[in-house]
Amino acid sequence: MSGLRAEYLTPIQRADWTSDRAAHLLERAGFGGTLAEVERLAAMAPQDAVAHLVDYRQLDDGKLPVFEHSGFWDPTLNDFPVSRPAATALAERTGAAMGVRVKPGGVRPLQPVTNRFFYWLRATALETRRLGFWWLDRMVRTPRPLEEKLALFWHGHFATSEEKLRDYRKIELQLQTLRNGASGNFRDLLFAVAKDPAMLVYLDAAQNVKGAPNENFGREVMELFTMGVGNYTEDDIREAARAFTGWGNDDLTFVVDTDKHDDGIKTFLGRTGNFAGEDILDIILAQPQTAIYIATKLYRFFVREDVSDGFARHLGALLLQNDYEIAPFLTTIFLSEDFYSEPSIATHIKSPTELIVSTYRKLGLTSLPGIPDPYSVSKTLGQILLYPPTVAGWGQGRAWITPGLLFERANFAHAVMFPDIIDFVDPNYNPGTEIRRVNANIRAGMEITAATLEDGAAPSTAEGIQEAFNTRYASLIGYQEALRKLKPTPRIAAQFSLSEIVGDAGAQSTSEAVDILIALLLRVPLAPSARDALVAALVEQLGTTDLAEARTYLEHPLRITAHLIMSSPQYQLA
């Protein structure tokens, strides 16, 4: 199938629609689901099942909780200094920074300013972590899973990170932009993202001015967001950068500074004119390569990696035929024979986010558990939402799997089935070893300078030191102030019953229970020997093959069995 042709996009017929194919659709166009959800899709015609997922705006999501801010931000934090030295230099020059005045006398006159700087660094990082929890929770809860799956795709495509932005509000706004445009028109989404404060800050729009253009956005909009490498020249990058000069943001609002905009004649991709940024984007969209690039990237995310050059051109033509509308393009893909062909089934390696969310949705959860901590799990597995590693986003496919990561994925499965509730410590309240050391010294009554010296330094070295501020102490105070305001993250373990799941599915024997768990959790069948080994292990745990006899102690052995299934390589595939 490596030389895919257009005819493979022929719609499947009702006679070819099965529960397995409904499960495949739900896995790829969402995050998987319960056995009952799969059967509901299977009972529909394939066109209706696809429409149920793609035309998601018809489904009410008004009961999904909105993100509740902790109340960290206030307007004095606008134009936040780029670094601690910049903050203290501003304070020394003007007498204040970030709404805090320099002390008129006494010790460490710049300490309040430094405390304020570290407060916001800590606060926005903690709030971004809460925002990531909220988004994962939304993925678990939503009746519109494709909306969140597309938002995840676009987050990796138009990647920005809190690490550089240092403002969770801009990330929250960008998430809404991505969600609003997720299945709409790519032109509209591209224009919205190009004017999005998070993207403007992330790609240094403020430094892109007439006479000294910054090429970051001009380069990435072609290399990563639209056409791909090799379809433009360095001259095109420079001319595009000129067209985007003056674009910027006033906090959360897009603005154009006409004094900083280069309104001269530009030549871009073979066209010449007095182009502004919008003109550049439209010229890019007029290139057939843009449609090919976006269509192929969507196909690889939702179907599989293998795309021949000829089929890529056909996919691009399909997207252009729909005038860059994403929903009809996806409808054609999700209804196609190719989508349900053998090379497309269970060949997608789940990203950490997909692994976490699909696990909980298949178990029938209606909210995200806080134990195990989703942020810690995501960090261990290699994908922290809102922190893509580069502007290129995350790698996909085999990049998610190593022997070590497969072991950690099994650890996540164990933590879901057997959560460590007794010894759990909320990592949001752990600022790290160094902050804890300084805090312990301060609480023991040590003077600030001595309390913050490196371990092993003689206390006498602190005597006579005249500090304008103490950075370690400021980091401690910043954490304390942020944690004082931080809204708590719900910390409960997953609420589900495997006994009820297999019972509702009609299982009466151990072999039937294993088959139900396999059908629930896997999209690729186990070898008969592996399946028989699971049945034997469950029989050994229960002491019987009759589930009714083991009804009063069934749950724990079923969880052991589920953990074994979830630890398999097959569980990593969607």
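Along the sequence shown, the residues carry numbers beginning at 1. What's counted below: heavy atoms across the whole structure, side chains too, no hydrogens, waters or symmetry copies.
- Counting only heavy atoms from C-beta outward, the side chains of Trp120 and Asp167 approach each other to under 4.5 Å.
- A heavy-atom distance below 4.5 Å is not found between the side chains of Leu126 and Tyr168.
- Every salt bridge (charged side-chain N to carboxylate O under 4.0 Å, His left out) that Arg144 has, sequence neighbours left out, goes to Asp61, Glu147.
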Exercise. Evaluate the ring pair (Phe, Tyr, Trp, His ring centres under 6.0 Å) criterion for residues Phe186 and Trp154: first the C-alpha distance (whole Å), next the side-chain angles of each, then the deciding distance (0.1 Å), finally the verdict.
Key: CA-CA 11 Å; Phe186 178 69; Trp154 294 122; 5.8 Å; yes

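- No side-chain heavy atom of Lys297 sits less than 4.5 Å from a side-chain heavy atom of Arg300.
- At a cut-off of 3.5 Å, with distance as the only test, no side-chain donor of Thr114 or Tyr473 sits close to an acceptor on the other residue.
- The heavy-atom pair separating Asp137 from Pro65 by the smallest distance is OD2-CG, 4.0 Å.
- Residue Gln383 comes nearest to Thr353 through the heavy atom pair OE1-OG1, 2.9 Å, listed as atom of the first residue, atom of the second, then distance.
- Residues Tyr56 and Ser183 meet the side-chain proximity criterion, which asks for heavy atoms closer than 4.5 Å.
- A salt bridge links Asp373 with Arg491: the distance from a Lys NZ or Arg NE/NH1/NH2 to an Asp or Glu carboxylate oxygen falls below 4.0 Å.
- Using a 3.5 Å distance cut-off with no hydrogens or angles, the side chains of Asn214 and Asp204 do not pair a donor with an acceptor.
- Put simply, the side chain of Tyr360 reaches to within 4.5 Å of the side chain of Val416, judged on heavy atoms.
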Quiz item: Stepwise, does the salt bridge (Lys or Arg N to Asp or Glu O under 4.0 Å) test hold for Arg28 with Glu354?
Solution: CA-CA 10 Å; Arg28 294 293 184 85; Glu354 290 169 323; over 6 Å; no

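- Ring orientation note: the planes of His155 and Trp394 are nearly perpendicular, at an angle over 60° on the 30°/60° scale.
- Comment: Glu454 engages Arg472 in a salt bridge, judged by a side-chain N to carboxylate O separation of less than 4.0 angstrom.
- With rounding to the nearest 0.5 angstrom, the CE atom of Met139 is 5.0 Å from the CG atom of Leu152.
- Interatomic distance, CE of Met417 versus OG1 of Thr561, reported as 10.0 Å (0.5 Å rounding).
- For the atom pair CD1 (Ile435) and CD (Gln480), the distance works out to 9.0 Å, reported to the nearest 0.5 Å.
- Salt bridge status for Arg130 with Glu162: absent, with no side-chain N to carboxylate O gap under 4.0 Å.
- By the 30° and 60° cut-offs, the orientation of the rings of His157 relative to Tyr293 is tilted.
- Pro419 and Ala493 get closest at one heavy-atom pair: CG-CB, 3.5 Å.
- Using a 4.0 Å cut-off between charged nitrogen and carboxylate oxygen, Lys487 and Glu127 do not count as a salt-bridge pair.
- Thr452 contributes atom OG1, which lies 7.5 Å from atom CD of Glu447 (distance to the nearest 0.5 angstrom).
- With salt bridges taken as basic N to acidic carboxylate O contacts below 4.0 Å, one links Glu481 and Arg484.
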Exercise. Could you walk me through whether Arg84 and Thr88 pass side-chain hydrogen bond (donor to acceptor under 3.5 Å, both in side chains), step by step?
Key: CA-CA 6 Å; Arg84 195 279 307 153; Thr88 50; 3.0 Å; yes

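- In this structure, Thr380 OG1 and Asn411 CG are separated by 9.0 Å, a value rounded to the nearest 0.5 Å.
- At most 12 heavy atoms of other shown residues, nucleotides or ligands fall within 6.0 angstrom of atom CD in Glu163.
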Exercise. Please step through ring pair (Phe, Tyr, Trp, His ring centres under 6.0 Å) for the pair Phe254 and Trp247, ending with a clear verdict.
Key: CA-CA 8 Å; Phe254 170 71; Trp247 281 32; 5.1 Å; yes

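- Legend: residues meeting ring pair (Phe, Tyr, Trp, His ring centres under 6.0 Å) with His261, ordered by chain and number and at least two apart, are absent.
- Counted by atom type alone, Gln572 and Arg409 present one or more donor-acceptor pairs between their side chains at under 3.5 Å.
- Between Phe302 and Phe153, the ring-plane angle classifies as tilted under the 30° and 60° cut-offs.
- A 6.0 Å sphere centred on CZ of Arg101 holds no more than 12 heavy atoms belonging to other residues, nucleotides or ligands.
- Side-chain rings of Trp400 and His348 stay apart, their centers remaining 6.0 Å or farther from each other.
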Practice problem: Please lay out, stage by stage, how Glu148 and Arg179 fare under the test salt bridge (Lys or Arg N to Asp or Glu O under 4.0 Å). | Solution: CA-CA 7 Å; Glu148 300 306 327; Arg179 186 176 291 112; 2.9 Å; yes

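- Between Arg238 and Asp262 there is no salt bridge, since no side-chain nitrogen of the basic residue lies less than 4.0 Å from a carboxylate oxygen of the acidic one.
- Ring orientation note: the planes of Trp134 and Phe67 are nearly perpendicular, at an angle over 60° on the 30°/60° scale.
- Considering all non-hydrogen atoms of both residues, Leu386 and Gly132 come closest at CD1-N, 3.7 Å.
- Remark: Arg559 is positioned above the aromatic ring of Phe496, its terminal NZ or CZ atom under 6.0 angstrom from the ring centre and at most 45 degrees off the axis.
- Between Phe118 and Thr471, the closest side-chain pair of non-hydrogen atoms falls below 4.5 Å.
- Minimum heavy-atom separation, Arg361 to Val140: NH1-O, 3.3 Å.
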Practice problem: Applying side-chain hydrogen bond (donor to acceptor under 3.5 Å, both in side chains), run through Tyr571 and Thr359 and close with a yes or a no. | Solution: CA-CA 10 Å; Tyr571 188 66; Thr359 295; 2.6 Å; yes

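- Of all the heavy atoms in Pro145 and Gly30, the pair that sits closest is CB-CA, 3.8 Å.
- By the 4.5 Å heavy-atom criterion applied to side chains, Thr245 and Val209 are not counted as neighbours.
- Contact of the Asn185 side chain with the Ile326 side chain is not registered, since no non-hydrogen atoms from C-beta on lie closer than 4.5 Å.
- Remark: Leu498 CG to Glu555 CD distance equals 5.0 Å, nearest 0.5 Å.
- One side chain, Ser475 or Arg122, offers a donor N or O that lies under 3.5 Å from an acceptor on the other.
- Between Phe244 and Phe217, the ring planes are perpendicular. Angles over 60° get that label, and only those under 30° would be called parallel.
- Note that Arg129 lies outside the cation-pi zone of Phe133, set by a 6.0 Å cut-off to the ring centre and a 45° limit from the axis.
- Around atom NZ of Lys164, more than 12 heavy atoms belonging to other residues, nucleotides or ligands sit under 6.0 Å away.
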